A.B. asks: 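This is the structure I have questions about; it appears just below.
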Amino acid sequence: SIVKQAYSVLMSVYQKENPEYLRAAVESVLGQTVPPEEVVLVCDGPLTEALDGVIAEYARQEIAFRVVRLPENGGLGKALNEGLKYCSCEWIARMDTDDLSTPDRCEKQLKFLEEHPEVDVVSGTIAEFQGDALDGKTAETAVISYKTVPETQKEIAAYIKQRNPLNHPCVMFRKASVELSGGYQQCPYFEDYDLWVRMYRNHAQFANLPDTLLYMRVDGMHQRRGGLRYA
């Protein structure tokens, strides 16, 4: 079946990120088998010259590339919430600026959503990789583990009580359902889990695909996510 739905891609970048990883992440989005209607990139505070240089390249694209600049770094929850306002499509695909989406990621998600109109949020399996890969083929050879999540609403309902039931870096969600539940809020490290719990209480429907939808860099991830603050 031909995918009819349009979707926005929502990303957030801040000054400590790698410009080459940002470019590769954006390329993986623009190279989708069903390309996005627009990319909304939130700059969370002032960026480096190198990051601004990469962003300037995409301002000249045929695809709508909306850059939202925040005067100071306020954290992921705040940045994504601001970005939501600029997404014009009903469906929004989340993407981090150092990951790589598989080429058919969004097509698979859109087809699933067309077949399951009751679903509000869908993610899938993530392949975690190490190294400096800038494309999916190279990332695939550097995969060290897979992060799978339960597939059905029933399994997710049991899982959400203990753990995060969705892989945030590759979610696609219905904008109205997210806004109805209060959007992203300031909850450092757990912005997404906090949102899913509020949506779940609001009777949102979740699903996960068994397919690998995203290659996720894990270098430095444990430094970013470890330590006392995270605990």
Side-chain angles (χ1 to χ4, degrees), residues 1-12 20-41 58 61-66 80 83 87-153 155-156 165-175 177-178 192 205-218:
S1 71
I2 297 158
V3 175
K4 295 180 283 290
Q5 273 139 327
Y7 69 99
S8 308
V9 172
L10 176 59
M11 305 173 78
S12 167
E20 290 310 310
Y21 294 171
L22 170 63
R23 185 186 281 111
V26 173
E27 288 299 329
S28 80
V29 163
L30 298 180
Q32 289 293 302
T33 50
V34 176
E37 189 77 11
E38 63 186 1
V39 175
V40 174
L41 177 67
Y58 291 104
Q61 288 279 335
E62 287 158 39
I63 193 164
F65 199 84
R66 298 166 196 262
L80 293 180
C87 293
S88 55
C89 299
E90 178 189 16
W91 291 106
I92 298 174
R94 260 287 292 130
M95 180 73 192
D96 283 328
T97 43
D98 50 2
D99 297 336
L100 300 163
S101 280
T102 61
D104 56 356
R105 168 198 159 176
C106 293
E107 182 179 358
K108 281 179 174 171
Q109 289 180 306
L110 290 166
K111 279 184 173 167
F112 178 86
L113 292 166
E114 277 180 11
E115 289 158 17
H116 303 86
E118 75 286 356
V119 171
D120 297 288
V121 190
V122 61
S123 79
T125 299
I126 282 177
E128 298 181 326
F129 75 96
Q130 282 182 323
D132 287 324
L134 297 176
D135 63 70
K137 284 192 181 70
T138 324
E140 205 171 352
T141 61
V143 171
I144 53 166
S145 61
Y146 290 90
K147 198 167 170 234
T148 57
V149 270
E151 287 172 44
T152 65
Q153 178 77 2
E155 292 167 322
I156 288 166
L166 299 159
N167 278 327
H168 187 222
C170 65
V171 291
M172 186 178 278
F173 54 66
R174 196 190 301 270
K175 182 181 179 181
S177 304
V178 168
D192 54 326
Q205 295 290 308
F206 302 107
N208 287 306
L209 302 180
D211 315 56
T212 297
L213 301 182
L214 184 103
Y215 296 106
M216 181 182 191
R217 273 177 222 282
V218 289

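The model shown is predicted, which means the values in this text are computed figures rather than measured ones. Side chains included, hydrogens not; waters and symmetry mates left out as well; all remaining heavy atoms used. Residue numbers count from 1 along this sequence.
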A.B. asks: Go through it in stages, so that I can follow the logic: the residues are Arg105 and Met95, the test is side chain to side chain contact (heavy atoms under 4.5 Å, CB included), and I'd like the CA-CA distance, side-chain angles, deciding distance and then a yes or no.
C.D. replies: CA-CA 11 Å; Arg105 168 198 159 176; Met95 180 73 192; 3.8 Å; yes
A.B. asks: Is any side-chain heavy atom of Phe112 closer than 4.5 Å to one of Val119?
C.D. replies: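 Side chain of Val119 against side chain of Phe112, heavy atoms only: contact under 4.5 Å found.
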A.B. asks: Going from NZ on Lys108 to CE on Met172, what distance comes out if it is rounded to the nearest 0.5 angstrom?
C.D. replies: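 The CE atom of Met172 is 13.0 Å from NZ of Lys108, to the nearest 0.5 Å.
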A.B. asks: Locate the shortest heavy-atom distance separating Gln109 from Leu213; write the atom from each residue and the value.
C.D. replies: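 Scanning both residues, the minimum pair turns out to be NE2-CD1, 3.5 Å.
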A.B. asks: Could you go step by step and tell me if Leu100 and Phe129 meet the side chain to side chain contact (heavy atoms under 4.5 Å, CB included) rule?
C.D. replies: CA-CA 10 Å; Leu100 300 163; Phe129 75 96; 4.1 Å; yes
A.B. asks: Distance only, no hydrogens: is a donor on one side chain within 3.5 Å (strictly under) of an acceptor on the other, for Asp104 and Thr33?
C.D. replies: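 Result is no, nothing qualifies.
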A.B. asks: Report yes if some heavy atom in the side chain of Tyr146 is under 4.5 Å from a heavy atom in the side chain of Thr212; otherwise report no.
C.D. replies: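 Yes, close enough: below the 4.5 Å cut-off.
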A.B. asks: I want to check something: taking the side chain as every heavy atom from C-beta on, are Val34 and Cys106 in contact at a cut-off of under 4.5 Å?
C.D. replies: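 A side-chain contact is absent here, since even the closest heavy-atom pair is not under 4.5 Å.
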A.B. asks: Can you name the nearest heavy-atom pair linking Ser12 to Leu80, along with the distance?
C.D. replies: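 Residues Ser12 and Leu80, closest heavy atoms: CB-CD2, 4.0 Å.
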A.B. asks: As an exercise, state the distance from CG of Asp99 to CD1 of Ile126, rounded to the nearest 0.5 Å.
C.D. replies: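 The distance works out to 7.0 Å.
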A.B. asks: Report yes if some heavy atom in the side chain of Val9 is under 4.5 Å from a heavy atom in the side chain of Val40; otherwise report no.
C.D. replies: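 No. Closest side-chain heavy atoms not under 4.5 Å.
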A.B. asks: Do the non-hydrogen side-chain atoms of Val122 and Leu113 ever get within less than 4.5 Å of each other?
C.D. replies: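 Yes, their side chains come closer than 4.5 Å.
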A.B. asks: What distance do Asn208 atom CG and Thr152 atom OG1 have between them, rounded to the nearest 0.5 Å?
C.D. replies: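 So the CG of Asn208 and the OG1 of Thr152 are separated by 9.5 Å.
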A.B. asks: Charged N to carboxylate O under 4.0 angstrom, Lys147 versus Glu128?
C.D. replies: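 Judged by the 4.0 Å cut-off on N to carboxylate O distance, Lys147 and Glu128 do not form a salt bridge.
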A.B. asks: Which atom names give the shortest non-hydrogen contact between Leu214 and Thr102, and what distance separates them?
C.D. replies: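 Between these two residues, the closest heavy atoms are N-CG2, 4.0 Å.
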A.B. asks: Would you say the side chains of Tyr58 and Glu27 form a donor-acceptor pair under 3.5 Å?
C.D. replies: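 The criterion, which ignores hydrogens and geometry beyond distance, is satisfied for Glu27 and Tyr58.
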A.B. asks: Taking atom CG of Leu110 and atom CD of Glu115, what is their separation to the nearest 0.5 Å?
C.D. replies: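 With rounding to 0.5 Å, CG (Leu110) is 11.0 Å from CD (Glu115).
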A.B. asks: Is there a side chain to side chain contact (heavy atoms under 4.5 Å, CB included) between Thr125 and Leu209 once you walk through the steps?
C.D. replies: CA-CA 7 Å; Thr125 299; Leu209 302 180; over 6 Å; no
A.B. asks: Answer whether the closest heavy-atom distance between the side chains of Phe173 and Asp120 falls below 4.5 Å.
C.D. replies: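 Heavy-atom side-chain distance check fails, nothing below 4.5 Å.
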A.B. asks: Apply side chain to side chain contact (heavy atoms under 4.5 Å, CB included) to residues Val39 and Met11 and explain how you reach the verdict.
C.D. replies: CA-CA 8 Å; Val39 175; Met11 305 173 78; 4.1 Å; yes
A.B. asks: Looking only at heavy atoms, which two atoms of Asp96 and Ala25 are closest? And how far apart?
C.D. replies: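 Closest approach of Asp96 to Ala25: O-CB, 3.7 Å.
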A.B. asks: How about Pro169 and Arg94: do any of their side-chain heavy atoms sit closer than 4.5 Å?
C.D. replies: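 No; the side chains remain at least 4.5 Å from each other.
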A.B. asks: Counting N and O atoms only, with roles assigned by atom type, does the side chain of Gln205 sit under 3.5 Å from a partner on the main chain of Pro117, one being a donor and the other an acceptor?
C.D. replies: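 The answer is no, because no donor-acceptor pair under 3.5 Å joins these two groups.
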A.B. asks: Start with the C-alpha distance between Asn167 and Ser123, add both sets of side-chain angles, then the distance that settles side-chain hydrogen bond (donor to acceptor under 3.5 Å, both in side chains), and finish with yes or no.
C.D. replies: CA-CA 6 Å; Asn167 278 327; Ser123 79; 5.0 Å; no
A.B. asks: Looking at Asp98 and Arg217, does any basic side-chain N land under 4.0 Å from a carboxylate oxygen?
C.D. replies: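 Salt bridge flag = no for Arg217 with Asp98.
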A.B. asks: Would you say the side chain of Tyr21 lies within less than 4.5 Å of the side chain of Thr97, judging by non-hydrogen atoms?
C.D. replies: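 With C-beta onward as the side chain, the pair stays apart.
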A.B. asks: Nearest 0.5 angstrom please: Ser8 OG to Ile92 CD1, how far?
C.D. replies: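 One gets 5.5 Å once the value is rounded to the nearest 0.5 Å.
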A.B. asks: Looking at Glu114 and Lys111, is there a salt bridge between them, counting it only when a charged N and a carboxylate O are closer than 4.0 Å?
C.D. replies: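 No salt bridge links Lys111 with Glu114.
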A.B. asks: With Ser88 as reference, evaluate Glu37, Glu38, Lys175 under the side chain to side chain donor-acceptor pair (under 3.5 Å) test and give the passing residue.
C.D. replies: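 Among the candidates, only Glu38 passes.
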A.B. asks: How close do Ala6 and Trp91 get, counting heavy atoms only, and between which atoms?
C.D. replies: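 Nearest heavy atoms, Ala6 then Trp91: O-CB, 4.1 Å.
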